[in-house]
Every structure is written in structure tokens, then in C-alpha cells.
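To start, the structure under review is shown below, and the notes come after it.
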Amino acid sequence: MRIVRILLTAALPLLAAAAWAQQPIYLDETKPVEERIEDALSRMTLDEKIAVIHAQSKFSSPGVKRLGFPDFWTDDGPHGVRPDVLWDEWEQAGQTNDSCVAFPALTCLAATWNPDLAKLYGQNLGEEALYRGKGMILGPGVNLNRTPLAGRNFEYMGEDPFLISRMVVPYIQGLQSKGVAACVKHYALNNDEEYRHNVNVIVSDRALHEIYLPAFKAAVTEGGTWGLMGAYNLYKNQHNCHNNILLNQILKGDWGYDGVVVSDWGGCHNTEEAIVNGLDMEFGSWTDGLAMGASNAYDSYYLALPYKKLIAEGKYTTKELDDKVRRVLRLFYRTTMNRHRPYGFLCSESHYDAALKIAQEGIVLLKNDRGVLPIRDAKRILVVGENAIKMMTVGGGSSSLKAQKEILPLDGVTARFRDAEIDYARGYVGDTVQSYNGVTVGRSIAESRSAEALLAEAVEKARAADYVIVFGGLNKSDYQDSEGHDRREYGLPYGQDRLIEELAKANKNLVYVNISGNAVAMPWAKNVPAIVQGWFIGSEAGEALASVLAGDVSPSGKLPFTWYQRLEDCAAHALNTYPGTWRDDHKIIDEEYKEGIYVGYRWTDKQSIKPAFAFGHGLSYTTFKLGKVSADKKRMTAGEQISFTVSVTNTGAVAGAETVQLYVHDKKSSVDRPVKELKAFQKVSLSPGESRDVTLTIGEDALSFYDEATAGWVAEPGEFEALVGTASDKIIGKVSFTFE
């Protein structure tokens, strides 16, 4: 018997090899993926093909069990992996292993101006998604910040298409390096939340291609994203989840996209349009497409039985269906069928370290008169504000998380300034709810005292403190920084303006930390010596903020959007184009982007408007000096590049980082062009006294505009200027050059 065992054991490798040789091509990893796709497609039944292009639960679609393809699971991002929900409900499933690390919101990531951190972000998020068995993260978001009232701006990366493009590509690459698909959203023109299902965007072709599409194009052509989500709104009177121009002509035609187009949840509205206009996977269409909230009606989705019925009637062949299934199979081979994917990790020390580093680099020091910050040798510190004790990882819509931990600002300050007496005053009451979709976390912040009593307490305590730190701003409630609605006003809610004004009178060392994903009106700014933009920064929020306030970390964040003094300084509001005009039937609202390409700093430059804080602005605890800018040539021709070099010196006493920004100005053009446009940047870290040369290189694309007459990009011969500085309103040097 023992001899037999030995013989059988020795024969096992040969038997296994023989068995593997008999595997069909679609399972043979030695075969090219496209060949495997065609083999699998040829073996699938019509029912199996229909099944894989629509959901079977809130967040999953079926695989092909007969052929060994597992079910495909998506989950919301982009700041962490959303807790698992019940099969057919939005409420959390009550699991104990679906907590996560909450990474900073993407506005904070963009404010780092550091593509290396974007890659780190994607890698860490991918590891958490892998551990949770997710094949796709529904993010990142790259819609433009067109108005500071947009409720979902905190999920996006600012107002500039170039900055967003440079940050989204490494994010995607980092995430997909772990075998988890990115699903870039929301394509396209989804720039406000109010009436998002009804808005029909009217925009020029030039603005579409120069402002609103570049980040999506970079995600596809450079980042190689495997997924892309359509938007709720309409373009040219056609819903964007099945929009012929956006999906067929531009995305799959011009850009050669080979991934899947996923509908936003409930974004599909018509079977025949979905068949022919580029939608590949339908999710969340409320069941029968008519009655939101009916249960388990996934077979009634537009791309389910209604599609099969049209094929059976002969109205459609399987041509379009096979293209969709090929894309889905390609997604499977990149994710669930990739047997070489690494292992995932959940809530690891390295993930918290990454979250902390991103948060610290993204925090922006907006103002620091008299060197009030960093806080040193303080004996009594008063912390004021509801946002010092309110959890921000919960709420805000689909990006809501069940974080394993969230260090609150008050706790972070208390832990860091252990030698000081820390006191707290509520100051104001906003939204005391700390739950979303069944996730309830955090200490109770219920409050019964009146607004006057809270104000009086805060002012009295402020008079006795060495420093007062106010944590105010917005939160994740409806009509603030939240999915589904836009903000109703540019000013701070809950009477915070009066609180800050009174505290400024009571204590000269007042520090205001704004927690938000959007800019807010600051009518009291001239009376407050130190202002910090603290974003929604996730699990390590309290530690990150305290480390910057204490000077352990010198702030290096730069604004990814223009911070207007007044709402009327924003083009969309100055031209009364937001939120649009209802049609007579009150089913569609037309929103015309009359400002065209003049969004953000492009508009304030054109109108000579002084913002509260400019695009690219951000201070440090040290100082930097930029030398003279030089170019490696005076003329460039088509297909060439030109490089500009400037020395950067840390002239202060502490280590820090500066972001050198290069803008291009076209001196003479046949079309109207912005005063300047960001075309390159680089962040450099320097020790005290250290100098380093920074070289920024641009090509012909940096000089081009979209020509509507030829439907293509044009770089006209002529004189250009490279403008180099540290913010859009702080240009240090200029160099002229000629394009031939």
C-alpha cells in the first residue's frame, strides 16, 4: 500500500498537467485575454449574456457560474470602502468585518498637489477593497467644481482640468495595481446635485473638451481605467448613461475605451437607448424603471428581460449585446479572474499612516498674520465648535463610511497639547445626527442650551484662554456637503459668523479651522489672524489637524479651487446660469454654461476679480524664494517640448514643501483665450537653507485650444509666455517663447 501511495503522489503533477491541458481556452491563463474572451463568449447562452450586464443586488452582478466566473461585487468609494448593505436594501447588513480606514476626501487629496500621494491613496484603498472581496470601487470622482454650492464637490478634485488629470491618473494606477477596477465618475457634466436627474446641460463644444472632459480623457487614455460611470444628468437632451455622443462617439470612438460603462444607480431610463448608446452594465434602476423602491425586480431592468424580449422579437440581434458582454468579460479577467492579484489588508497600520500623510499634506494654511500659528508654549487652549466633536466619516450620501476609528479634532488637540489646559465650548448647534443607513457612531452631541447661552459661554471662556481654536464650517447633512442636494447659501450655517466675530473681539489669538469640501463666505476674515482649511480628512483627522496646528508638520497644501469673496464672483452665479430654467412641462431643466471656458481662476482673471484666496494658494511655516526662470530654448516646433527651470530655496527656519506652478499665456490668438492656464507643477520638499532646481516641461498640447470649426485641437504659431509662481495670483517670473 505504501508503494502505491508513492507512485500516485509522483504522478500527481503529470495528472494535473494533463487535466489543465484539457481546460477550455477561456480558463487557460497562457492564452491571450482577447482569445479567452471570445472563447467564453461563444460558450455563453443568451440568458447568461443578459444576466452579466445588469445587477442582481444593490451592489453586485452575476458571473457565469456554469463556466466558473464568480459574481462581481462593486462598492462605493472613493474615500474608503462603504459598509456592506443588505441584498436588496440600502441599510447596512450589520456585519462586523466591514469597517474601514476613512481616507481624506478627494478635495484634500487634490490640495496636496502631489501625484505620488494619489498613487499611494489608490494602492491603500485597493488593498482594503481586496480584503472585502470587491472587484470595483465606484470612484474616483473627477467632475469639475463649477459652483461652490455643489453638494458633492468634496468628492471631486477642484476646478482645474489639468490638476485633476494629473491627480486622477496615479490614483487609478494605484488602485488597479491591486486588481481592483476603478470606476471614474460621473461622466459627464454632473456639476451640481440639485435636480440632477432633470438637468439638461447646454455647453459649447470648446468648453466641453477644454474644461469638462480632460480629466475623464486622462483617466481613460493615461490611467487605463477599467470602469467608468455615467452621470444622472442629460446632455443634448439625452441621459448621459446612454448618450450617443458622450459614450459612443467620444469615449469608445475617439478615446478607444475598452472598459465597461456602468450606469449610476437609477441612471438608466430607456432600453433601446441603453442598447445602442454605449451602456454596458446597469445598476440600481429601481426595479421596473417606474416605481422606485420595489423589491427584487432585477430581471425587469431595462437591460434585462425587456432587452431579451426585443432580441426574441427580432428587433435587435446579439451584436450590441456581445460587445457589452466582451467588455464585462474583459473586466472579469482583469479582476475576479486574475489569479495573480495580491492579498488585501484591512485597517492596517500602513493604511492609517497613508491616510495621515495625505491629510497632513492636504491641509491648507490660508492666512497666518503675526505668526499666530504654529501654537507654542500655550498654557490654556479653548476649543470651540460642533465640528470639533462631530464625526464626518458618516453621512454625505454614497461616500458614507463605517470607519474603524475617527480621531475627532478635540481629541487630537487634547492628545497633542498634553502640557496645556484644554477647555471646550460648543459655541453653536448644527446637526446632531450621527448616523446614516444604519451606521451609528460617535459620542452623543445632543444639546439643549440656547444659541445665546452657547455664544455667551464661548466668549467668556475665550477671554481667559491663550489661544482659541474654532472648528467650524459645513457638515455632511442635506443642503451642505452632501449628495442629492446643493447648498442653499454661500455663508456659514448655524449662526457661525456671529460666533466667530464675537470670539475675535474676545481673543487676539484666534485660529479658525474650516471643515468642509467647499469654500464658504468669510465676512470676518480680516479680523481673524489665522485661517486653516481642514477639509473632511477621515480617520486621522484630529491627529493631522493637531500636528499642523502645533508645527510638527509645516502645512504645504494648495487650494484646488478659487475661494470667492462673494458668490457673485463665481461665473455660474454672476451670469445667472445656475441652477437653470425649467421647461414648460417641468420635467427637464435647461442649464446653460454661458461662461464657457471661464471657470474658476479663468473667470476671476478675465474679470479682474480679487478672490478671498486664489487657486493654488497655500502658506507655510517657512519661507521660500524662487530664482530667475530660464528656458532650454526660445523656439519650439510641433512635436517638440520646452523646459523651464527655476531654483527654489527654503529661506526659513523649518523644513517645508513648496509647489511650483507653471501657467501658459497665449499673447495673440484667433480665439478668445484665458489670461493663463495651469500646464505643469511640481512639489518640492526642502530643509532650511536647502536649494533645488525644479524643471517643468510642456509640449504642444499645453499651447492648444479646441477648435470647434475642425472639431480638433489647434496650437497656433506665435508668441507665448510661461508664467511661474506659487499660486495663480503669485507669479514670480515670466519667460517668452515662440511656437512655430
_With sequence neighbours excluded, residues passing side-chain hydrogen bond (donor to acceptor under 3.5 Å, both in side chains) with Ser691_ = Thr649
Carboxylate-amine/guanidinium contact [X] [Y], below 4.0 Å:
{"X": "Arg146", "Y": "Glu591", "answer": "yes"}
{"X": "Asp672", "Y": "Lys606", "answer": "yes"}
{"X": "Arg196", "Y": "Glu194", "answer": "no"}
{"X": "Arg206", "Y": "Glu708", "answer": "no"}
{"X": "Glu361", "Y": "Lys558", "answer": "no"}
{"X": "Asp666", "Y": "Lys676", "answer": "no"}
{"X": "Asp116", "Y": "Lys119", "answer": "no"}
{"X": "Asp160", "Y": "Arg602", "answer": "yes"}

Any luck finding a side-chain donor-acceptor pair between [X] and [Y] under 3.5 Å?
{"X": "Thr581", "Y": "Asp590", "answer": "no"}
{"X": "Tyr601", "Y": "Asp729", "answer": "no"}
{"X": "Ser516", "Y": "Asn514", "answer": "yes"}
{"X": "Ser556", "Y": "Glu658", "answer": "no"}
{"X": "Thr695", "Y": "Thr645", "answer": "yes"}
{"X": "His186", "Y": "Tyr156", "answer": "yes"}
{"X": "Asn153", "Y": "Asp481", "answer": "no"}
{"X": "Tyr578", "Y": "Asp486", "answer": "yes"}

More than 12 heavy atoms of other residues, nucleotides or ligands under 6.0 Å from [atom1] of [X]: yes or no?
{"X": "Lys734", "atom1": "NZ", "answer": "no"}
{"X": "Lys252", "atom1": "NZ", "answer": "yes"}
{"X": "Tyr195", "atom1": "OH", "answer": "no"}
{"X": "Lys683", "atom1": "NZ", "answer": "yes"}

Give a yes or no on whether the backbone of [Y] and the side-chain of [X] come within a donor-acceptor separation of less than 3.5 Å.
{"X": "Glu592", "Y": "Thr577", "result": "no"}
{"X": "Gln661", "Y": "Thr726", "result": "yes"}
{"X": "Gln176", "Y": "Trp226", "result": "yes"}
{"X": "Asn243", "Y": "Tyr235", "result": "yes"}
{"X": "Lys625", "Y": "Asn650", "result": "no"}
{"X": "Asn233", "Y": "Ala188", "result": "yes"}
{"X": "Tyr212", "Y": "Ala215", "result": "no"}
{"X": "Asp192", "Y": "Ala150", "result": "no"}

_So, using ring-ring contact (aromatic ring centres under 6.0 Å, His included) as the criterion, who are the partners of Phe737 when residues are at least two apart?_
Phe644, Phe720
Are [X] and [Y] an aromatic pair by the rule of ring centers under 6.0 Å?
{"X": "Trp535", "Y": "Phe561", "result": "yes"}
{"X": "Tyr490", "Y": "Tyr564", "result": "no"}
{"X": "Trp113", "Y": "Phe615", "result": "yes"}

Contacts under 3.5 angstrom, residues 696-706 side chains, donor-acceptor by atom type, not counting sequence neighbours:
| unit_1 | atom_1 | unit_2 | atom_2 | d |
| --- | --- | --- | --- | --- |
| Thr697 | OG1 | Ser643 | OG | 2.7 |
| Glu700 | OE1 | Gly639 | N | 3.1 |
| Ser704 | OG | Glu700 | O | 2.9 |

*Stepwise side chain to side chain contact (heavy atoms under 4.5 Å, CB included) test for Gln238 and Asn244*: CA-CA 8 Å; Gln238 199 167 62; Asn244 182 52; 3.7 Å; yes
*Start with the C-alpha gap between Ser736 and Glu719, add the side-chain angles, then the distance that decides, and say whether side-chain hydrogen bond (donor to acceptor under 3.5 Å, both in side chains) holds.*
CA-CA 7 Å; Ser736 295; Glu719 294 292 321; 5.3 Å; no
*Between Glu640, Lys633, Arg635, which is the residue that forms a side-chain hydrogen bond (donor to acceptor under 3.5 Å, both in side chains) with Thr637?*
Glu640
*Locate the shortest heavy-atom distance separating Pro374 from Val548; write the atom from each residue and the value.*
CB-O, 4.5 Å
